[in-house]
Amino acid sequence: MDNRAGEMMVFVRVVEAGSFSEAARLMLMTPSTVSKLIARLEARLGVRLIERSTRRLALTGEGQFYYERSQALLGQLDETEQQIAQGGAEAEGVVRVTSSVSFGSAALEQILPAFFEAYPKVIVDLSLSDEVVDLYLDRTDVAIRVGKLMDSNLMARKIGETRRRIVASPAYLARHGTPATPEDLVHHNCLGFNFRRAMPVWPMREGGRIIERMLSGSLLVNNGDTLRRMAIAGVGIIRLADYHLREPIARGELIELLADSDLGVADEIHALFRGAQFLPARVRAFLDFAVPRMQMFLAHG
């Protein structure tokens, strides 16, 4: 195996397997052969792609870039051969998608039946979690993310924006009173999230100033759906994105609080994906179908 495509295949398999020995086992090669191929690739490129240690492998910046491009090119090669063999360019295969629990259940679940009718040969592997996943490590094709985008090599399509609301149930307010000012929240049971990036802080406008008020309560959870259900049950006050709360507010199950103190800052929602020019047909089909419909969901509910 002395061609560039072969070197790319070995490199990608090493990264995804996490070790030279495991990649060698999967490719029916010896670990020494795999090591020599990676060394030859690095020598030809003149850069280090993988940092070796006794415990784990880590990609350098150049290695991450080369992995992303190699994966896209090899995917395009596989897709091209499949299309030629099958005599068409129909999208098929598995699209791995991740989204927050609430946005996925509210928006994506509405879209999927029509998507499967339009693309019967595409399988959607959908994971709903409010934890942020690594698209490369988890081999995810599309991630729906709420909030500010971090700098990365990922591509993004903007879906829209959503603002957060503070709400509680009529039963909770009847028992504990209705907060009239942001300062009153310190005397209430304010429920929150427990994942790593979450902070027990609700930014509010108080007397012309922006105050990041530290709050606490009896429950921390890892998804917005549970928070919403607990608020409806009268457990406490929550602060969630608008799309979580439209229906329970309309039904009178939740009441918005302190709307005048809200900052009015909208959280952006994006569909993130790897690569752009060499997207597999199945991934491009999913993005082209789902993104406009998710935009309509945010705009019209």
Side-chain angles (χ1 to χ4, degrees), residues 99-107 109 128-132 144-150 159-270 294 297-301:
S99 170
S100 67
V101 177
S102 296
F103 191 80
S105 58
E109 289 180 9
L128 300 183
S129 171
D130 284 12
E131 290 284 357
V132 174
I144 311 301
R145 296 261 177 91
V146 180
K148 183 179 179 180
L149 290 181
M150 305 300 290
I159 296 170
E161 298 179 349
T162 184
R163 76 176 186 90
R164 297 176 185 245
R165 299 187 185 192
I166 298 172
V167 297
S169 72
Y172 175 89
L173 298 175
R175 291 196 307 271
H176 302 284
T178 300
T181 68
E183 187 175 6
D184 293 340
L185 290 173
V186 299
H187 305 297
H188 285 269
N189 193 30
C190 297
L191 315 182
F193 290 103
N194 62 8
F195 38 77
R196 290 185 300 273
R197 71 184 191 282
M199 295 290 291
V201 172
W202 292 0
M204 309 286 291
R205 181 180 291 108
E206 301 182 37
R209 298 182 301 154
I210 305 301
I211 303 295
E212 291 190 337
R213 189 162 290 284
M214 298 287 292
L215 300 169
S216 62
S218 61
L219 179 67
L220 299 173
V221 301
N222 67 351
N223 68 88
D225 276 2
T226 299
L227 277 186
R228 179 181 58 196
R229 288 192 291 267
M230 291 298 98
I232 292 172
V235 175
I237 298 176
I238 62 173
R239 180 176 182 264
L240 284 179
D242 176 72
Y243 60 81
H244 291 266
L245 306 172
R246 289 173 181 166
E247 292 185 8
I249 289 176
R251 293 192 295 261
E253 297 171 333
L254 292 173
I255 296 173
E256 184 171 9
L257 308 172
L258 302 171
D260 292 339
S261 298
D262 183 80
L263 292 182
V265 177
D267 288 325
E268 294 186 348
I269 303 178
H270 292 86
M294 289 188 287
F297 165 80
L298 282 180
H300 305 294

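Heavy atoms only: backbone and side chains are in, while hydrogens, waters and symmetry mates are out. Quick caveat: nothing in here was measured; it's all calculated off a predicted structure.
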Residues F193 and L220: closest non-hydrogen pair is O-CD2, 3.6 Å
Among L245, L257, I166, which one satisfies side-chain contact (heavy atoms from CB on, under 4.5 Å) with I238? L245
Is there side-chain contact between [X] and [Y], with heavy atoms separated by less than 4.5 Å?
| X | Y | result |
| --- | --- | --- |
| V186 | L215 | yes |
| I237 | P179 | yes |
| W202 | R164 | no |
| R165 | I249 | yes |

Separation of E253 CD from R228 CZ (nearest 0.5 Å): 9.5 Å
I159 vs F297, side-chain contact (heavy atoms from CB on, under 4.5 Å): CA-CA, chis, key distance, verdict: CA-CA 10 Å; I159 296 170; F297 165 80; over 6 Å; no
Is the backbone N or O of [Y] less than 3.5 Å from a side-chain atom of [X], with the two atoms forming a donor-acceptor pair by type?
| X | Y | result |
| --- | --- | --- |
| R175 | G234 | yes |
| T162 | D242 | yes |
| Y243 | A107 | no |

As a quick check of understanding, evaluate side-chain hydrogen bond (donor to acceptor under 3.5 Å, both in side chains) for D225 and S102, giving each step before the final call. CA-CA 6 Å; D225 276 2; S102 296; 2.5 Å; yes
T226: partners by side-chain contact (heavy atoms from CB on, under 4.5 Å), with sequence neighbours left out: V221, N223, R229, M230
